[in-house]
2 protein chains.
Amino acid sequence: MEEHRHVTIYDIAKRLNLATSTISRALKDHHTISDKTIKKVKKTAEEMGFVPNTLAAGLRGNKSKTIGVLIPTITQPFLSSLISGIEITARKSGYSVIIMQSHDSYEEEVNMTKSLYSSRVSGVVCSLAMETKDTSHFQQFSNNNIPLVFVDRVPKDFNTFRVVIDNYTAGYKATKHLIDQGCKRIAHMTAGAEFGNLYNERKRGYIDALTDHGLPLKDELIINLKAMTYDAGVKACNKLFGLKTLPDGLFAPGDILAVSAVQTAKKKGIRVPQDFAVIGFNNDPISEIIEPNITTITHPAEKMGKAAANIVIDTIESHKEEEAKEITFLNTEVLIRESSKKI
Amino acid sequence: MEEHRHVTIYDIAKRLNLATSTISRALKDHHTISDKTIKKVKKTAEEMGFVPNTLAAGLRGNKSKTIGVLIPTITQPFLSSLISGIEITARKSGYSVIIMQSHDSYEEEVNMTKSLYSSRVSGVVCSLAMETKDTSHFQQFSNNNIPLVFVDRVPKDFNTFRVVIDNYTAGYKATKHLIDQGCKRIAHMTAGAEFGNLYNERKRGYIDALTDHGLPLKDELIINLKAMTYDAGVKACNKLFGLKTLPDGLFAPGDILAVSAVQTAKKKGIRVPQDFAVIGFNNDPISEIIEPNITTITHPAEKMGKAAANIVIDTIESHKEEEAKEITFLNTEVLIRESSKKI
DNA sequence: AAATAAATTGCAACCGATTGTGTAAAGAAA
DNA sequence: TTTCTTTACACAATCGGTTGCAATTTATTT
């Protein structure tokens, strides 16, 4: 195999008897270069098969036209859609996307922030690992003017951009929907106190909705899960279905949990939605395939990705030093399907 | 906000009164540097908050410790698992992963290969876009000694590494399984002639299995789909269920199609598996959640990703010029669940 | 103690694009 | 024709690690 050497602007310069600076400028339509030269340079570059070396450009400018994405895992519908949104938006503006999975480990997350910084990413989009309770490892980005956007699972005490849904309101709406359907004993699953306070917020919404509508809050109906998995959901349901008085509704803060509930109920002969109305969260693909279809709260994953990427890019390209680090709230909706339709 | 300046090896060198070359070598435990110096340098680097600039290193060495991943889309269980495998393996060896989605567009794919080349990725893992019929845009990698591995949807006439499953055998096994269950009229869905000959292979397996077991091959039982979507599956099933003699089995080359078949059958009052046995492909999460559970062919996505990444990394680090570009076959299995159990 | 070998560290070019500043050429105004 | 502008391009430093080779110091041998 012949060792082709990469074609550089030096090669073009030599061929055309021009300076490399002229080549560089001509290739990006700099106004100080004549049209004639620009045309000539571009043509020659094309002919010679020139492909710019972004490493060199990045080194010089100390930025790489790259967005780092740091998330717990990509094999999860919500997160892969999120990434998809980021990638599509980034690409439109000529940015590449580097992906790293923390697998919900704090230690990995810390290492990965170092890697990303080391790669001189132009910006970072992150959804925090479950384990993370301290975000000082993100300080290096803020300190060096690298835009940082947290998505979905965000820290509460860190001054950066955030793209989220209003989990409190979503939780409230979900619960209210069940109440509207006539449910009186609505169960809820949640995750233990966590740093990114997403499940706590949903739970707050649940509690307030109950209270506002004169329903009692029963501890036995709130199940704390360690993991948001199918099996954990089944276990929780078995506990619920073991109560003296059964619940007549469930607000599950994740579709996979809702699915496990629907199926566990079926097995016990509990009819969904007649005896037991279920609402999930996320609008995962499975929620509209399972039978009965699951009523859920939409979670605009791809939109959130696009929004996050746009914030990163805008911040980079606006060159503003001190920026207002706003929180972007995206809208969620109750997507009514069969699993909750009592009326 | 104060503009922190990145700490460089020059800063460390100045502080310790050493040459930058010494710093550089000390940081990577070069044998010509004394232990004392190494320790001193590392300690100072740590104190000063030094983070190596991989762009600079990459520029010098003309490689970026980055693996480019070019796939149709990441929001698909098989592909996101594939990426996950790549990312995990890459990371272990200190490589980053850049993701790009072609969205099955040939034009996008071409542009993305340019981007990847421009970023001087150390290697590339790719699953071809549906539209792609010509792979000359990948030549730039081969020409420049950048390892290229195709996964799953691979070209047949391009001399590179490939990581695949044996689709023919898988198709054969799937069909054989239905035959073993007593099916006599087995339907099949497939995709029109495509470049990455994956569905054709599965179909070949289907045909040979029928033939080998003395079953007639009926054109009416083979449905050609344009897209492998739920809706396309429903439509195809309606066609099947409109035949004078109904099929008693279906080999769907994707779980989503199998799901659509199971549900369509249910609606028509056709019992699965008693009247109609179904086997899918991929072992997508949904296949074990839907009721009845779907018998499927395992498709080791994460393993394939790991294998592909390992090939890339091994090739880079072995520095071999002329390498045998083998095809790696990963194993698939029939995962028997309820949707096919007639006996 | 002299000489040779071995262990350390320094020097400087290099990767390739970018960009501030300087200069020559061409055109306009005086 | 001379001077002042523009216009078009060249020079050279720069980004920050890496690495071949030279130089210096230290250790070992005779």
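Every chain is numbered from 1 and lettered A, B, ... according to where its sequence line falls, protein lines coming before strand lines.
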* Salt-bridged, A:Asp104 to A:Arg153, with N to O below 4.0 Å? -> yes
* Atom-to-atom span, CG of B:Leu59 to P of D:dG16 - whole angstrom -> 12 Å
* Using atom NZ of A:Lys40 as one end and atom C1' of D:dC9 as the other, report the distance to the nearest whole Å. => 11 Å
* Ion pair check, A:Glu87 and A:Arg91, cut-off under 4.0 Å -> no
* Asked: For B:His137, does its backbone N or O pair with a side-chain atom of B:Gln140 as donor and acceptor, under 3.5 Å?
  -> yes
* Taking atom C1' of D:dG17 as reference, at what distance in whole Å does atom CG of A:Asn62 sit? -> 13 Å
* To do: May I have the distance from B:Phe50 (atom CZ) to D:dG16 (atom C1'), rounded to whole angstrom?
  => 8 Å
* Asked: Among all residues two or more places apart in sequence or in another chain, which pass the side-chain contact (heavy atoms from CB on, under 4.5 Å) test with B:Ile88?
  -> A:Gln101, A:His103, B:Ser84, B:Lys92, B:Glu302, B:Lys306
* To do: Apply the ring pair (Phe, Tyr, Trp, His ring centres under 6.0 Å) test between A:Phe150 and each candidate in A:Phe141, A:Phe138, A:Phe161; give the one that qualifies.
  => A:Phe138
* Structure fact -> The contact string for nucleotides 7-14 of chain C, one letter per nucleotide 5' to 3', using protein heavy atoms under 4.0 Å with B, S and - for base, sugar-phosphate only and none, comes out as -BBBBBBB
* Touch check for A:Lys28, heavy atoms < 4.0 angstrom, all strands: base, sugar-phosphate only, or nothing? -> sugar-phosphate
* Atom CG of B:Asp29 with >12 non-hydrogen neighbours under 6.0 angstrom -> yes
* Structure fact -> Separation of C:dA17 atom P from A:Lys14 atom NZ, nearest Å, is 12 Å
* Inter- and intrachain pairs under ring pair (Phe, Tyr, Trp, His ring centres under 6.0 Å), touching residues 53-77 of chain B, at least two apart -> none
* Structure fact -> Rounded to whole Å, the CD1-P distance (A:Ile9 to C:dT18) equals 7 Å
* To do: Decide, yes or no, whether a salt bridge links A:Lys42 with A:Glu46 under the criterion of side-chain N to carboxylate O below 4.0 Å.
  => no
* **Bend angle of the helix from C:dA1-D:dT30 to C:dA30-D:dT1, end axes from five pairs each (to 10°)** => 50°
* Roughly, in whole Å, what's the span from NZ in A:Lys65 to P in C:dT18? -> 11 Å
* ring pair (Phe, Tyr, Trp, His ring centres under 6.0 Å) pairs, two or more places apart, involving residues 21-43 of chain A -> none
* **Protein-nucleotide distance (B:Asp11, atom CG; D:dC15, atom P), rounded to Å** => 11 Å
* With no hydrogens and no angle check, do the side chains of A:Ser21 and A:Ser24 hold a donor and an acceptor under 3.5 Å apart? -> no
* To do: Would you please indicate yes or no on a ring centroid separation below 6.0 angstrom for B:Phe50 and B:His6?
  => no
* **Sub-4.0 Å heavy-atom contacts from residues 114-124 of chain A onto DNA chain C, ordered by number** => none
